[in-house]
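Following: one structure in C-alpha cells, then a few remarks.
Just so you know, these numbers use all the heavy atoms, side chains as well, and skip hydrogens, waters and symmetry mates.
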Amino acid sequence: MKVRFASPTDKPQVLKLLSQLGKSVNIICGYDYKNENAEIYGSKNFDKVMKSDSIKIFVLEENHIIFGLASYFLYTDMINGDLYAHMDDIIIDESKRKKGLGTLLMNAIIDYSRKNNIKAVKLVSFPEIQKFYLKFGAKISNVAMNIEINP
C-alpha cells in the first residue's frame, strides 16, 4: 500500500469511495440523495479540485486500486501567517476496514504536514470517528457549527 495525491485518472475510484462515505453520513445526519451519488453529482467538483493548489486528495492504493482517501484543504492564518490544513472527508473502503489502513493514511498525512510546515491539521468529524483521531494526538478544541445558507 502506498499513499499519494489523487490525479485526474483516479476520478471514478475517488467518487465511488465518496459515495460510500455519503451512505455513512446519511445514516448519521439524515438523507440527502446527493451524498450517496458522488459518481453523478461530484464529477464537476472533482475536476475543480484537481485544478486547485490549495486542495489535495490523499489516496491510499495498492496495484492501482484505491482503498482510501482523505480531503485536505490548505489555508494561511491571517494574523500570524501560519499554514494550516483542514480535513473533513476520510474514508476507507468497507471491504478493507479494521486492517490498519486508516492509520497508514493518517500517518502519511501527518508526515506530509510535518515536512511542509503545516502548523496543525484541523479536523471535522462525527463523534463516531473521534476516537480514531485521538490515537494521533488530536484534541477536541472547538465546536464545529454550520450556518445553512441554502438548504
Side-chain angles (χ1 to χ4, degrees), residues 1-78 80-97 99-126 128-130 132-133 136 138 142 144-151:
M1 291 280 180
K2 72 176 184 176
V3 177
R4 61 171 175 79
F5 291 130
S7 70
T9 59
D10 296 323
K11 184 177 185 175
Q13 291 186 77
V14 166
L15 294 177
K16 185 176 179 182
L17 272 176
L18 288 173
S19 287
Q20 277 188 31
L21 177 62
K23 289 177 185 175
S24 299
V25 168
N26 283 343
I27 290 168
I28 296 166
C29 294
Y31 187 72
D32 178 346
Y33 66 94
K34 289 183 179 180
N35 288 343
E36 294 184 24
N37 294 291
E39 291 106 323
I40 297 168
Y41 298 102
S43 184
K44 290 179 189 174
N45 296 328
F46 180 86
D47 296 339
K48 289 179 192 175
V49 167
M50 288 293 100
K51 294 175 185 172
S52 173
D53 292 330
S54 61
I55 305 171
K56 311 279 186 207
I57 299 175
F58 287 87
V59 295
L60 176 68
E61 73 159 4
E62 184 174 59
N63 298 323
H64 307 289
I65 299 172
I66 296 174
F67 293 108
L69 67 82
S71 61
Y72 188 89
F73 308 85
L74 296 168
Y75 64 96
T76 302
D77 183 277
M78 294 293 291
N80 61 31
D82 288 335
L83 190 59
Y84 288 86
H86 171 90
M87 195 174 83
D88 63 358
D89 295 329
I90 185 168
I91 182 79
I92 299 298
D93 185 89
E94 294 167 327
S95 69
K96 296 290 185 180
R97 292 182 189 159
K99 297 179 180 181
L101 300 183
T103 298
L104 181 66
L105 181 59
M106 280 302 297
N107 283 334
I109 292 166
I110 290 167
D111 186 53
Y112 173 85
S113 301
R114 193 173 283 123
K115 288 177 181 174
N116 287 278
N117 297 314
I118 308 297
K119 180 87 172 177
V121 177
K122 300 191 179 226
L123 307 162
V124 173
S125 73
F126 294 107
E128 293 80 1
I129 194 153
Q130 289 175 356
F132 173 74
Y133 290 134
F136 300 95
N142 297 347
M145 299 172 73
N146 292 328
I147 298 173
E148 297 287 333
I149 305 300
N150 293 304

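When all heavy atoms are compared, the tightest approach of Ile91 to Arg97 is CD1-NH2, 3.1 Å. For the residue pair Gln13 and Ile65, the shortest heavy atom distance occurs at OE1-CA, 3.3 Å. Nearest heavy-atom pair, Leu105 versus Gly68, reported as atom, atom and distance to 0.1 Å: CD2-C, 4.4 Å.
Note that CD1 of Ile92 is 11.5 Å distant from CD1 of Ile66, once rounded to the nearest 0.5 Å. Distance CE/Met1 to NZ/Lys96: 5.5 Å, rounded to 0.5 Å. Of the inter-residue distances, the one linking Asn117 atom CG with Leu83 atom CG reads 8.0 Å to the nearest 0.5 angstrom. To the nearest 0.5 Å, the span separating CG on Leu17 from CD on Glu94 amounts to 9.0 Å.
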List the steps and the verdict of side-chain contact (heavy atoms from CB on, under 4.5 Å) for Val59 and Val14. CA-CA 8 Å; Val59 295; Val14 166; 4.1 Å; yes
Decide yes or no on side-chain contact (heavy atoms from CB on, under 4.5 Å) for Val3 and Asn107, but give the supporting numbers first. CA-CA 10 Å; Val3 177; Asn107 283 334; over 6 Å; no
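Shown here are the side chain to side chain donor-acceptor pair (under 3.5 Å) partners of Asn80, two or more places apart in sequence or in another chain: Asp82. Residues that satisfy the ring-ring contact (aromatic ring centres under 6.0 Å, His included) test with Phe67, not counting sequence neighbours, are absent from this structure. The side chain to side chain donor-acceptor pair (under 3.5 Å) test applied to Asp77 returns no partner, not counting sequence neighbours. Partners of Ala85 according to the side-chain contact (heavy atoms from CB on, under 4.5 Å) rule, which considers only residues two or more places apart in sequence or in another chain, are Tyr72, Leu74, Ile118, Val121. Partners of Lys115 according to the salt bridge (Lys or Arg N to Asp or Glu O under 4.0 Å) rule, which considers only residues two or more places apart in sequence or in another chain, are Asp111. Qualifying side chain to side chain donor-acceptor pair (under 3.5 Å) partners for Ser7, counting only residues two or more places apart in sequence or in other chains: Thr9, Asp10. Shown here are the side-chain contact (heavy atoms from CB on, under 4.5 Å) partners of Phe5, two or more places apart in sequence or in another chain: Lys56, Phe58, Tyr112. Residues satisfying the side-chain contact (heavy atoms from CB on, under 4.5 Å) criterion with Ser52, sequence neighbours excluded, are Ser54, Ile55.
Listed for the Asp93 side chain is a donor-acceptor partner under 3.5 Å among the backbone atoms of Ser95.
Applying the salt bridge (charged side-chain N to carboxylate O under 4.0 Å, His left out) test to residues at least two apart or on different chains, the pairs with a partner in residues 59-72 are Lys2-Glu61, Arg4-Glu61.
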